Amino acid sequence: MQFTTILATAILATSSVLAVPAFNVDKRQQAVCTEGLYTTPLCCATDVLGVADLDCAAPNPTPTDNEDFISICASVEGGQQAQCCLLPILGQALVCSGVVA
C-alpha cells in the first residue's frame, strides 16, 4: 500500500515537472531565426559563400522581427549583415543563411 502511494506520488511529480517548459522564451525572441536548423541570430561582417561568417556577434538589442534584425545589424559600425546560423564559434559562425525582410 505504501509502495503504491509512493509510486503514484513520484509519477505525478515527474509528469508535472515535464509539463513545465525547460526555459522561459520571450515571444519577441522567437520572431527571428526560427525555421530549420538556422536558429542563432548573428550580425556578421563577412559572409564566405554561406559556409563561414566572420566577426559575428549577437544583435543588441534583441530584434522583434526580420526588418528590425536587419536594421540593428546595419547600424553596427561597418554595417554588418543579419544572418541566421547553425553553429556559432568564438565570434565566427559556420553554415549561415541571410535574413530576408
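All values below were derived from every heavy atom in this structure, side-chain atoms included, with hydrogens, water molecules and symmetry-related copies excluded. Given the structure is predicted, the values throughout are model-derived calculations rather than measurements. Throughout, numbering of the chain's residues begins at 1 and tracks the sequence.
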(request) Could you tell me the separation between the CG atom of D65 and the OG atom of S71, rounded to the nearest 0.5 Å? (result) 8.0 Å

(message) Looking at every non-hydrogen atom in both residues, tell me the closest pair between Q81 and C73 and how far apart they are.
(response) C-CB, 4.0 Å

(request) Over all heavy atoms of both residues, which pair between L42 and P88 is shortest? Give the atoms and the distance, please. (result) CD1-CB, 3.9 Å

(request) Give a yes or no on this: more than 12 heavy atoms of other residues, nucleotides or ligands lie within 6.0 Å of atom CG of L86. (result) yes

(message) disulfide bond (SG atoms under 2.5 Å apart), that's the test. Do C96 and C85 meet it? Break it down for me.
(response) CA-CA 4 Å; C96 295; C85 300; 2.1 Å; yes

(request) Could you tell me the separation between the CD1 atom of I70 and the CD atom of Q80, rounded to the nearest 0.5 Å? (result) 14.0 Å

(message) Do P61 and I72 make a side-chain contact, defined as non-hydrogen atoms from C-beta onward lying under 4.5 Å apart?
(response) yes

(request) Mind checking the CD-CG spacing from Q92 to D55? Nearest 0.5 Å is all I need. (result) 7.0 Å

(request) Answer yes or no: is there a side-chain heavy-atom contact under 4.5 Å between V99 and C84? (result) yes

(message) Using every non-hydrogen atom in the two residues, find where D68 and T64 come nearest and quote the distance to one decimal.
(response) OD2-N, 3.0 Å

(request) Spell out, yes or no, whether L49 and L94 are grouped together once hydrophobic residues are joined by side-chain heavy atoms under 4.5 Å, including indirect joins. (result) no

(message) Regarding C43 and C56, I want to know if their SG-SG distance comes in below 2.5 Å, which is how I'm defining a disulfide.
(response) no

